Amino acid sequence: MAIMAMDMVRKINKKLLVLSLLIPLKAQAGDWTFTPNLGFDETYSDNVELKVIDQQSSFVSQMIAGLNADYKSKQANITFTGTKSFLNYSHDSELNDDYRTLNADGSLALWSEGPILIAGASIANVSRNDADNSFGDIISGDTVESENYNVGLQYNIGNTLYSVQSSLMYNETKTEDHLGESAGYSVSLGGKNGSAARNIFWQLSSSYSDREQDAFNPQTSNNDGQHYIVDAQIGAITPWAINPFIRFYDEDVSGTAAGGNLATTSSWGPGLRWLASPHIIIDLSYNYVADETVSDDYVAANINWEPSGRTSLVAGYNKRFFGDSYNFDFQHKTRRITNKISYTESLSVFDRSNYQEATSEFWCPSENFEGNPDDCFPVNQPPDNQGDYQLIPVSSLVLIENNEYSLNKRLSWSSILQLSRTSFTLNIATNNRESLESNIFDDYYDASLTINRKISPRSNLVISGSFRHTIFDKNNPEGINQEDYYRTVSSTYSINLASSLLSNFTLRYIDRESTNARYSYDEIRASLHIKKDF
């Protein structure tokens, strides 16, 4: 196994050498930094199969070969982190497998103050089915490999008269089970007047995306989806604190994906900008819609407050094709405390968030059956004492190809308290997801608290606790309406044994309660990790 790991490191080195030769000569005045590493993990799980009863314990051994690489010059930057892991299970060698991860980013300035070529690639192992287990990882084995690649151009220019930001990107997503695969491009263009503007002020925010499912994937219907947004305004600068402007807004969703023919309309209208203070700008506009069968005329508002470089607030109200729409972003930083709160509403398509209720029959005990499928037999494998069993339908949520647009309303709150040797980090996040065609609603709630304590110059202690609550198809009384609660507590002690030798020990307890009884479980893990850089 060690020979295989070192061979993987050598292969990665060769790929990076080829990549370096592709960099133009003018960008070669930089340095490569290569750091190969080997890691060994030993993890004990008292319930590696995550069952309610008949829990199976196991020692899971990992050997991890990795490579970190960096390249920096005046025109180019490249970062690369890749690993290859080999897992061995003490209770069942047939589960032995290998996994890989990758995180690579690069940028190249084509000329001074000109466009920047950017590219990135990532490989991760994600949960196979969040309804089955949203905490799936390579230890439990219920993951699929997800690959994401992107390449494009970014061009930002600006001076005291104006600033413009633009990008053109191509992105492709591939998965091991072919669910959530798609490819496409996106374009964005934004800008506003500079501080030297004296007569006219303006601002623009626009984006366009076009995605298509893999035509060679038998699990898809080769659907596509297009979405664009344009929000623009132009006004006159007056000697007073009130400045008039005209606003134009347009949004459209199209394509063969479900929800691609939703009724949308453009709008325009007069508005006023109030310079309440040198640091507060309030915009208020009355918007006339082009198609009154889609929406009524409406009032839009936006507040921008930036009292200092450490504090900012942006809040807005608009009306989009799905109804009232809000946005909020607040950031505040002091010497020891950093707070960030944001709320966004965005559309997505062809992702891994679409589920379908499936029902199968099992031979289950006629008496004292508590819903645990481990007590049952498949319908085509009846038990010997068939008289003590009966056929019972068992429902579950199956991940299927997502062929429709969904609206995601995300709220996130992050607070960090940094003391001299200890930091406290609080993260809260919610996502209310609505499928626009099928009207399926899913809710996701997450909260975590992490305490990081620097014990000595070479050692560190991290204690964390997290809570997750998920609700699938919550508004359908005839559906499965599955609710899951995850509670996790973990502690990690890390120590640098030498300048390039790191070790850490982790204890983790997770408890899951589900309205689908067969998904409830608890697990204790103890892991020892040693990593050597070369």
Side-chain angles (χ1 to χ4, degrees), residues 124 126-127 129-131 134 146 148 150 169 171 173 175 179-182 184 186 188 205-213 223-229 231 249 251-255 257-264 314-330 340-356 397 399-414 427-448 468-476 479 481-484 486:
V126 301
S127 174
N129 183 338
D130 280 348
S134 65
S146 175
N148 189 277
N150 61 81
M169 297 295 300
N171 172 269
T173 300
T175 58
L179 295 175
E181 289 189 336
S182 65
S186 61
S188 68
S205 175
S206 63
S207 63
Y208 174 81
S209 65
D210 187 342
R211 298 200 68 80
E212 183 176 353
Q213 290 178 314
N223 291 308
D224 59 29
Q226 297 81 39
H227 176 225
Y228 76 79
I229 296 179
D231 191 350
Y249 181 85
E251 180 175 10
D252 186 59
V253 180
S254 60
N261 295 314
L262 294 169
T264 60
V314 176
Y317 166 79
N318 190 23
K319 181 165 285 189
R320 299 170 64 181
F321 67 91
F322 53 80
D324 296 336
S325 177
Y326 304 87
N327 66 282
F328 182 86
D329 185 87
F330 172 75
K340 295 181 181 180
I341 303 175
S342 68
Y343 174 80
T344 61
E345 297 177 350
S346 61
L347 298 182
S348 62
V349 68
F350 308 142
D351 56 16
R352 295 178 61 88
S353 301
N354 196 25
Y355 301 90
Q356 185 178 70
L397 290 174
L399 184 68
I400 61 174
E401 186 64 41
N402 183 13
N403 297 321
E404 67 175 303
Y405 276 94
S406 61
L407 171 64
N408 295 274
K409 300 180 178 180
R410 292 186 172 93
L411 172 67
S412 65
W413 174 17
S414 173
N427 288 306
I428 297 175
T430 69
N431 180 20
N432 303 116
R433 182 178 183 275
E434 175 188 355
S435 299
L436 297 179
E437 183 74 13
S438 58
N439 293 321
I440 295 176
F441 292 82
D442 301 326
D443 287 347
Y444 304 83
Y445 304 94
D446 285 277
S448 65
R468 176 175 296 178
H469 180 202
T470 58
I471 309 174
F472 298 96
D473 199 9
K474 69 172 185 178
N475 292 341
N476 182 10
N481 194 22
Q482 178 177 317
E483 289 193 52
D484 299 311
Y486 299 85

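Bear in mind the structure is a predicted one, so any value in this text is a computation, not a measurement.
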Taking all non-hydrogen atoms of both residues into account, name the closest pair between [X] and [Y] and its distance.
{"X": "Tyr405", "Y": "Val253", "value": "CE1-CG1, 3.4 Å"}
{"X": "Ala263", "Y": "Phe321", "value": "O-CB, 3.5 Å"}
{"X": "Glu345", "Y": "Ser325", "value": "OE1-OG, 2.8 Å"}
{"X": "Thr175", "Y": "Leu179", "value": "OG1-O, 2.9 Å"}
{"X": "Tyr486", "Y": "Ser134", "value": "OH-N, 3.2 Å"}
{"X": "Ser346", "Y": "Arg410", "value": "OG-NH1, 3.5 Å"}

Problem set entry | Sub-4.5 Å side-chain heavy-atom contact between Asn476 and Ile440 | no

Problem set entry | Contact check, side chains of Glu401 and Asn223, non-hydrogen atoms, under 4.5 Å | no

Is the closest side-chain donor-acceptor distance between [X] and [Y] under 3.5 Å?
{"X": "Asp329", "Y": "Ser342", "value": "no"}
{"X": "Asn403", "Y": "Gln213", "value": "yes"}
{"X": "Asn148", "Y": "Asn171", "value": "yes"}
{"X": "Asp443", "Y": "Tyr445", "value": "yes"}
{"X": "Glu251", "Y": "Tyr249", "value": "yes"}
{"X": "Asp252", "Y": "Thr264", "value": "yes"}

Kindly say whether [Y] contributes a backbone atom to a donor-acceptor pair with the side chain of [X] at under 3.5 angstrom?
{"X": "Glu404", "Y": "Glu437", "answer": "yes"}
{"X": "Arg211", "Y": "Phe350", "answer": "no"}
{"X": "Asn129", "Y": "Leu397", "answer": "yes"}
{"X": "Glu212", "Y": "Asp224", "answer": "no"}

Exercise. Does NZ belonging to Lys319 count more than 12 external heavy atoms closer than 6.0 Å?
Worked result: yes

Straight-line distance of [X] [atom1] to [Y] [atom2], nearest 0.5 Å:
{"X": "Tyr228", "Y": "Ser207", "atom1": "OH", "atom2": "OG", "value": "11.0 Å"}
{"X": "Thr470", "Y": "Arg468", "atom1": "OG1", "atom2": "CZ", "value": "8.0 Å"}
{"X": "Asp473", "Y": "Asp442", "atom1": "CG", "atom2": "CG", "value": "6.5 Å"}
{"X": "Leu436", "Y": "Leu407", "atom1": "CG", "atom2": "CG", "value": "6.0 Å"}
{"X": "Asp324", "Y": "Tyr317", "atom1": "CG", "atom2": "OH", "value": "3.5 Å"}
{"X": "Ser186", "Y": "Met169", "atom1": "OG", "atom2": "CE", "value": "6.5 Å"}

For this session: Scan Thr173, Asn402, Leu399 and name whichever one has a side chain to side chain contact (heavy atoms under 4.5 Å, CB included) with Arg352.
Result: Leu399

Seminar exercise, completed: Only residue of Ser435, Ser438, Ser348 satisfying side-chain hydrogen bond (donor to acceptor under 3.5 Å, both in side chains) with Ser406 is Ser348

For this session: Test side-chain contact (heavy atoms from CB on, under 4.5 Å) on Lys409 and Tyr343 and set out the steps.
Result: CA-CA 7 Å; Lys409 300 180 178 180; Tyr343 174 80; 3.5 Å; yes

Problem set entry | Geometric class of the Tyr355/Phe472 ring pair [parallel <30°, tilted 30-60°, perpendicular >60°] | perpendicular

Problem set entry | Asp351 with Arg433: basic N within carboxylate O range, under 4.0 Å | yes

For this session: Let me see the working for Phe328 and Tyr326 under side-chain contact (heavy atoms from CB on, under 4.5 Å), right down to the final yes or no.
Result: CA-CA 7 Å; Phe328 182 86; Tyr326 304 87; over 6 Å; no

Problem set entry | Worked check of side-chain contact (heavy atoms from CB on, under 4.5 Å) between His227 and Val349 | CA-CA 10 Å; His227 176 225; Val349 68; over 6 Å; no

For this session: Applying side-chain contact (heavy atoms from CB on, under 4.5 Å), run through Phe441 and Asn432 and close with a yes or a no.
Result: CA-CA 7 Å; Phe441 292 82; Asn432 303 116; over 6 Å; no

